[in-house]
Amino acid sequence: MPPNLTGYYRFVSQENMDNYLRALDINVVLRKLVCLLKPDKEIIHTGDHMVIRTITTLRDYVMDFDLGVQFEEDLGPVDGRKCQTTVFWEGDQLVCEQLGEKRNRGWRHWLEGDQLHLRMTAEDEVCVQVFQKVK
């Protein structure tokens, strides 16, 4: 049975965010700003329904979805694109596939103890973030 990811997580670290954003064609000014942000994550996980809220001082981003059901995701706040998104479990990892203009776009979340890990991919770039569970 997959883990329940419900909780509030504070930003700890990230690697390779600038290159990941460059692969999404984000302009240099916005890339620099985003690289300075330290987002928090709030996850509500109820059965096959999840809400993942990424919280920053600039803007919040909310994903509200049912596991295994493809939906159109509006990534306007991120990079101005829309894609067909499906989120599902692969073992103990929550995997998101985002089909659209960018190849190999998606992410995966997993827990290691009380830390939430996030691996985001776009084209050939990978960004990894780590968050600490606080409640």
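Put simply, I44 and L118 are part of two different groups of oily side chains (I, L, V, M, F, W, Y) that touch within less than 4.5 Å, one to the next. When hydrophobic clusters are built by joining Ile, Leu, Val, Met, Phe, Trp and Tyr residues whose side-chain heavy atoms come closer than 4.5 Å, directly or via intermediates, V128 is not grouped with I43. Under the 4.5 Å side-chain heavy-atom criterion for grouping Ile, Leu, Val, Met, Phe, Trp and Tyr, L75 is connected to L58 within one hydrophobic cluster.
Ion pairing between K82 and E73 fails under the 4.0 Å rule for side-chain N and carboxylate O. For D40 and R53, the salt-bridge test fails: no basic side-chain N is under 4.0 Å from an acidic carboxylate O. Under 4.0 Å is where a charged nitrogen must lie from a carboxylate oxygen, and between D74 and R81 no such pair does.
With H49 contributing its side chain and F65 its backbone, the two residues share a donor-acceptor pair below 3.5 Å. T56 contributes a side-chain N or O that, together with a main-chain N or O of R59, makes up a donor-acceptor pair within less than 3.5 Å. Side-chain N or O atoms of K133 include one that pairs as donor or acceptor with a backbone N or O of T6 at under 3.5 Å. Remark: the backbone N or O of V126 is paired with a side-chain donor or acceptor of N16 at under 3.5 angstrom. Panel note: side chain N4, backbone H45; a donor-acceptor pair is recorded below 3.5 Å. Remark: the backbone N or O of L30 is paired with a side-chain donor or acceptor of N27 at under 3.5 angstrom.
Counting heavy atoms from C-beta on, the side chains of W107 and I52 come closer than 4.5 Å. For the pair D114/Q132, a side-chain contact is recorded, criterion being any heavy-atom separation below 4.5 Å from C-beta on. Between E42 and V62, the closest side-chain pair of non-hydrogen atoms is not below 4.5 Å. Under the 4.5 Å side-chain criterion, counting only non-hydrogen atoms from C-beta, R119 is not in contact with C127. Side-chain contact between H109 and L116: present, with at least one pair of heavy atoms (C-beta onward) separated by less than 4.5 Å. Within the 4.5 Å cutoff, side-chain heavy atoms of V87 are placed close to those of M63. Under the 4.5 Å side-chain criterion, counting only non-hydrogen atoms from C-beta, V12 is not in contact with K38.
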Please lay out, stage by stage, how L67 and M50 fare under the test side-chain contact (heavy atoms from CB on, under 4.5 Å). CA-CA 7 Å; L67 292 165; M50 296 187 82; 4.0 Å; yes

Carefully, step by step, assess L99 and C83 under the rule side-chain contact (heavy atoms from CB on, under 4.5 Å). CA-CA 5 Å; L99 303 176; C83 60; 5.7 Å; no

Please test T57 against L37 for side-chain contact (heavy atoms from CB on, under 4.5 Å), starting from the C-alpha separation and ending with a verdict. CA-CA 8 Å; T57 54; L37 295 175; 3.6 Å; yes

Determine, stepwise, if the pair L5 / L111 fulfils side-chain contact (heavy atoms from CB on, under 4.5 Å). CA-CA 8 Å; L5 300 180; L111 292 172; 3.6 Å; yes

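Between E101 and E123, the shortest heavy-atom distance links the atoms O-OE2, 4.5 Å. Between I26 and R31, the shortest heavy-atom contact is O-NH1, 3.0 Å. Nearest heavy atom pair, residue C35 against residue Q14, reads O-NE2, 3.4 Å. D92 and P2 get closest at one heavy-atom pair: OD1-CA, 4.3 Å. Annotation for Y8 and R10: closest pair CE2-NH1, 3.6 Å, computed over non-hydrogen atoms. When all heavy atoms are compared, the tightest approach of N104 to T121 is O-OG1, 2.8 Å.
Here I55 contributes atom CD1 and K41 contributes atom NZ; the two are 9.5 Å apart, rounded to the nearest 0.5 Å. Interatomic distance, E125 CD to K102 NZ, rounded to the nearest 0.5 Å: 11.0 Å. Atom CG in L21 sits 10.5 Å away from atom CG in L33 (nearest 0.5 Å). Considering CD of E97 and CD of Q84, their distance stands at 12.5 Å, rounded to 0.5 Å. Note that the CH2 atom of W89 and the CG atom of D48 stand 10.5 Å from one another [nearest 0.5 Å]. From E72, atom CD reaches atom OG1 of T85 across 9.0 Å, with rounding to the nearest 0.5 Å.
By the 30° and 60° cut-offs, the orientation of the rings of W110 relative to H117 is parallel.
Within a 6.0 Å sphere centred on CZ of R22, other residues, nucleotides and ligands contribute more than 12 heavy atoms. By the neighbour-count criterion of 12 heavy atoms within 6.0 Å, atom CD of E15 is sparsely surrounded, having that number or fewer from other residues, nucleotides or ligands.
Remark: of the listed residues V29, L36, V28, V34, V28 is the sole one forming a side chain to side chain contact (heavy atoms under 4.5 Å, CB included) with K32.
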